[in-house]
Amino acid sequence: MSTELDVFLFGIMTYAIIMNLGVSLYGVFRRPSITKKIIALTIFSDSANVLAIIVGYRGWPNPWHSPIPPILLNRHPTPQYISEFAKVAVDPLPQALVLTAVVIGLAVTVFLVFLALQLYRLYGTVDVRKVRRLRG
Amino acid sequence: MLSMETLTYGILALLGVISLLGTYLAIIEKDLVKAVIFSALQSTAYAFIFYILMAPDIVLVYVPVAVGLYPAIVLFLIKKTGRLDGDEP
Amino acid sequence: MKGWKHVIAITSLVVSTSVLALATAIGGLGYILPTPGVRDLAYWYLVTVLSPSNKLFTAMSPEAVTSIVWDYRGLDTLFETSVFFLAIIGSIALMRGIKIVPERLRNYSSGMSPIVKTVTRITAGMIIAVAASIALHGHLTPGGGFQGGATAAVAPLLLMVVFSIYFIIKSGITEERMLALRTAGLVGIVFTAFSACIIAASLGTQAYVFQNQPKSTAAVGLPASIMGSLTSGTLIFFNLFEFFAVAAGFTIVFLLLSIPENIVKQALRGVESEH
């Protein structure tokens with residue numbers, strides 16, 4: 001019984017993140033303002049990052065002790081300490097990938113913001129429908 | 001008797017639903033300043049999810065970026081280009 | 001009528017999420033709860049990240065994430081940093097021809113009340129101190145160059161909002177200086193990546209690019225600890241330089257974004273009338 005409840009609750013979070021992916025894609029495709037598209041795009045990339053972290057999570061060793069972050073607390077570990085650590089620590093690789101992706105994502109968002117500003121200076125609007133009408 | 005594990009997953013589910021609400025409101029809202037605030041709500045939920053999923057490194061980079069820098073940049077853009085998600089054709 | 005539409009949409013989203021989760025819980029969509037085990041690759045990282053007995057593979061840092069970012073997968077991060085570099089350069093290129101002249105910004109130098117300004121002065125100093133701490137302890141505790149740099153970039157943003165862009169330029173945070181600091185950080189990253197090679201060349205042996213600790217086939221490397229305190233070889237230098245690169249890069253962007261729009265338009269018109 002307890003396991004089914006765990007799967008249900010964990011599933012709610014996972015599917016909520018997947019729904020976020022869908023809703024933000026709707027925002028990217030259907031909203032007219034470029035500012036709103038940028039907001040939706042960052043939500044999309046953040047949701048993808050959360051999914052990557054979920055992949056790197058591990059199940060609890062027992063119901064009262066959670067996994068620990070992949071950081072040793074002992075500066076001079078014995079081999080036994082290391083093997084105990086590796087039994088309870090979460091996967092560090094997705095965290096390393098997401099860590100750079102967040103910062104690079106912000107830099108790319110900044111570039112998009114400058115492109116939108118340039119569009120506004122040239123056309124006087126950031127509404128893509130109006131920009132399309134002004135083309136000719 | 002609920003175990004600690006089930007309780008943690010319950011908090012995660014709650015945060016997921018909060019982020020879903022924040023995303024929906026941020027996408028639908030016509031006023032872009034309010035949309036940024038809803039997006040910051042969604043980012044806060046994500047930051048807690050990262051914390052509970054045992055990723056302190058990501059929390060340290062995600063909190064200044066997604067709650068501090070990113071709304072500031074988009075607010076600069078909104079200040080310069082106008083506040084409404086132009087819905088009139 | 002319009003309010004009801006949104007209530008129905010939100011409810012349907014939440015209900016469909018719950019139905020999918022319920023279907024998973026009774027076994028209809030496979031098993032999504034994370035397993036108690038961890039992948040072999042992750043296990044290998046966790047076992048070797050700080051093991052003084054395993055000289056061949058260890059990164060000599062208790063922080064597995066920073067070790068992967070700058071040692072095991074250092075080349076990935078080097079190219080990520082170059083993407084970051086190109087994105088910032090692209091932003092600067094879009095704003096080319098627009099000089100930040102302090103005299104023309106004097107009209108925009110109002111700022112907020114003295115109480116807010118005093119509090120912000122103290123807070124900005126504290127933010128910089130925390131950011132430096134996060135970056136310099138990145139090989140021991142959660143943190144590193146990316147985290148510290150992103151935190152430090154909050155301080156100029158705060159000063160810009162509370163004081164004004166005129167104050168920022170006058171206090172010496174100019175675009176040119178930030179660009180120089182950022183370039184210094186990037187040069188430092190490249191230099192650190194080649195440091196083992198340089199040491200090996202001066203000793204007459206060979207070493208790998210991005211080498212941190214001595215390996216069996218290349219017996220040179222940076223020291224894992226200096227005077228008893230763990231520095232993890234190249235990791236502390238990478239974190240320090242990445243801290244400068246990220247913080248200065250974002251500061252440039254904020255300086256460019258906070259130029260008032262009519263000054264930009266004047267500059268654009270000037271550029272157009274020249275040819």
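Reckoned from all heavy atoms, side chains included, excluding hydrogens, waters and symmetry mates. Being a predicted model, the structure only gives us computed values, none of them experimental. Just so we're on the same page: letters track the sequence lines, and every chain starts at 1.
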Does any backbone or side-chain atom of C:Ile92 lie under 4.5 Å from a heavy atom of chain A? Answer side chain, backbone, both or neither.
neither

Heavy-atom contact with chain C under 4.5 Å, split by part of A:Pro61:
neither

Region of C:Val49 that comes under 4.5 Å of a non-hydrogen atom in chain A:
side chain

Heavy-atom nearest pair, A:Gln118 first then C:Leu94, reads OE1-O, 3.7 Å

Report the distance from atom OG of C:Ser91 to atom CG of A:Leu115, rounding to the nearest 0.5 Å.
8.0 Å

Segment of C:Phe84 engaging chain A (4.5 angstrom heavy-atom cut-off):
both

Is chain A contacted by the side chain of C:Ser67, its backbone, both, or neither, given a heavy-atom distance below 4.5 Å?
neither

Which bit of C:Leu230 is near chain A, if near means a heavy-atom gap under 4.5 Å: side chain, backbone, both or neither?
side chain

Heavy-atom proximity to chain A below 4.5 Å, by part of C:Met95
side chain

Going from CE on A:Met19 to OG1 on C:Thr17, what distance comes out if it is rounded to the nearest 0.5 angstrom?
4.0 Å

C:Tyr72, part contacting chain A, at a heavy-atom distance under 4.5 Å:
neither

What part of C:Thr24 gets within 4.5 angstrom of chain A, counting heavy atoms only: side chain, backbone, both, or neither?
both

For C:Leu140, is it the side chain, the backbone, both, or neither that has a heavy atom closer than 4.5 Å to a heavy atom of chain A?
both

